[in-house]
Amino acid sequence: MFDWNDLKYFLAVAREGSTIAAAKALGVNQSTVQRRLSELESKLGRAVVSRDVRGYRLTAFGEELIGFAEQVEKAVQQLDQHVADVGRDRSGIIRLTCPEPIVPRLTPLVERFHARHPQYRIEFVTSDRYLDLLKGEADVAFRSGDTDDDLIGRKIADSIWAVYASRAYIEKHGQPGRVEDLADHRLVGFDDTMLNHRVAKWLQAIAPNARIIARNNSVLGLVYAVKSGIGIGPLPTAIADEQDDLVRVLGPISELTRSWRLLTHPDLRRAPRISAFFDFIAEEKPALKSIFTG
């Protein structure tokens, strides 16, 4: 019998295309990947990968195994998550992920939840990157935009964006009168780590040749950049409308409107702590609109 753990190295090489990239993805050195892959092939008695000038490729036998290996990987992840969930149920911890600018706006709501359910405790896991709830990186998420179909949840509010400029920028450079004028202005946008965000795609579509004067990897970074007067850009209305030194110059932008949702893993939905949080959120609709839509 081969070591099940070796399948992890096999999958990494299959996905990354090289032992160097696989080692980086797994956080080990290249020799470890090569050794574990060789041990797997030795136990199986057949090669699962072949090497050519472009890197590693699956053999026909490797192609046959990939689906089975992924099933093992998924089963191990589910087992690991179940064990962790049992521990969190006992401790009452709910790991909540959301964009960083939303955290201070959520604080009063979270305090009300704690007052009603003192046996549970919210822990924020903030990131503008979508944490993978299916892999257990967080328990629940407040998320806008495109969501994973495998997650379940409910709509809680609308996510509305508009284009803003600082008063200093308008004084110096004027303001756009229509969306098409953005191409003539200095823009603030996301960096390459956020290329799939709807704002990045929208700016690329309506002003592909515009000058991006500053790039950020978070919504909070966009807010600070626009407030500095260096350029103008799309921002969530719930946050930007509260900034005295910002002016809404265009919008709301209908192409950027999405729904805010509260999401979780299907296997977690009936966990007592998660059910309690979902039920609480369902009763807080007026507060949620103020927090997420403005």
Side-chain angles (χ1 to χ4, degrees), residues 96-103 105-106 125-134 137-138 140-165 175-176 178-227 230-243 246-264 288-294:
L96 169 63
T97 182
C98 64
E100 187 177 354
I102 298 297
V103 173
R105 303 172 66 84
L106 283 173
V125 187
T126 58
S127 176
D128 284 300
R129 176 180 70 85
Y130 280 0
L131 298 184
D132 195 335
L133 271 62
L134 295 175
E137 292 183 346
V140 294
F142 285 121
R143 187 165 291 173
S144 67
D146 300 326
T147 58
D148 194 312
D149 292 337
D150 292 328
L151 299 175
I152 60 172
R154 60 162 57 106
K155 177 180 176 179
I156 56 172
D158 290 317
S159 174
I160 299 173
W161 289 62
V163 178
Y164 292 82
Q175 66 184 69
R178 53 183 190 154
V179 168
E180 290 77 10
D181 295 337
L182 288 175
D184 300 321
H185 282 266
R186 300 180 178 189
L187 302 182
V188 170
F190 285 123
D191 66 16
D192 290 347
T193 65
M194 301 284 282
L195 283 178
N196 290 323
H197 195 286
R198 62 187 183 278
V199 167
K201 292 179 179 178
W202 180 73
L203 281 178
Q204 178 61 29
I206 59 97
N209 299 315
R211 182 183 179 191
I212 306 295
I213 198 69
R215 297 184 185 274
N216 297 271
N217 62 5
S218 71
V219 173
L220 196 59
L222 292 183
V223 174
Y224 287 145
V226 174
K227 287 181 68 172
I230 196 172
I232 66 177
L235 299 173
T237 59
I239 298 171
D241 281 347
E242 294 186 346
Q243 309 297 319
L246 291 183
V247 177
R248 188 190 294 193
V249 295
L250 292 173
I253 306 299
S254 60
E255 295 93 331
L256 298 181
T257 298
R258 296 291 190 277
S259 295
W260 276 102
R261 299 182 185 278
L262 174 62
L263 300 168
T264 191
L288 293 171
K289 182 179 180 182
S290 174
I291 292 168
F292 291 101
T293 303

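Quick note: residue numbers are just sequence positions, from 1. All values below were derived from every heavy atom in this structure, side-chain atoms included, with hydrogens, water molecules and symmetry-related copies excluded.
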Side chain to side chain, F190 and N196, heavy atoms closer than 4.5 Å: no
Nearest-0.5 Å distance, CH2 of residue W161 to CG of residue L222: 6.0 Å
CG-OG1 distance between D158 and T293, expressed to the nearest 0.5 angstrom: 5.0 Å
Test log, rule side-chain contact (heavy atoms from CB on, under 4.5 Å), inputs L246 and K227: CA-CA 6 Å; L246 291 183; K227 287 181 68 172; 3.8 Å; yes
Considering all heavy atoms, the nearest V226-A165 contact: CG1-CA, 4.0 Å
Rounded distance (nearest 0.5 Å) linking atom CH2 of W260 with atom CD1 of I102: 4.5 Å
Flag, side chain of N216 to backbone of S218, donor-acceptor distance under 3.5 Å: no
Atom pair CG/CD1 of L235 and I253 - distance to nearest 0.5 Å: 11.0 Å
4.5 Å side-chain heavy-atom contact, L106 and C98: yes
Where E137 and V125 come nearest, the two heavy atoms and their spacing: O-CG1, 4.5 Å
Closest non-hydrogen atom pair, L131 against T97: CD1-OG1, 3.5 Å
Working for side-chain contact (heavy atoms from CB on, under 4.5 Å), residues L133 and R143: CA-CA 11 Å; L133 271 62; R143 187 165 291 173; 3.6 Å; yes
Rounded distance (nearest 0.5 Å) linking atom CG of L203 with atom CZ of R198: 12.0 Å
Salt bridge (charged side-chain N to carboxylate O under 4.0 Å, His left out): pairs with one or both residues in residues 234-243, sequence neighbours excluded: R105-E242, D241-R248
G189 to I212 - nearest heavy-atom pair and separation: N-CG2, 4.1 Å
Full working for side-chain contact (heavy atoms from CB on, under 4.5 Å) between V188 and Y224: CA-CA 10 Å; V188 170; Y224 287 145; over 6 Å; no
Heavy-atom pair of closest approach, residues P234 and V199: CG-CG1, 3.8 Å
Closest non-hydrogen atom pair between L195 and A200, with its separation: O-CB, 3.7 Å
side-chain contact (heavy atoms from CB on, under 4.5 Å) assessment of Q243 paired with Y164: CA-CA 10 Å; Q243 309 297 319; Y164 292 82; over 6 Å; no
Close side-chain approach of D184 to P176, heavy-atom, < 4.5 Å: no
Side chain proximity check, L250 to I232, heavy atoms < 4.5 angstrom: no
Reported CD1-to-OG distance for the pair I160 and S144, which is rounded to 0.5 angstrom: 11.5 Å
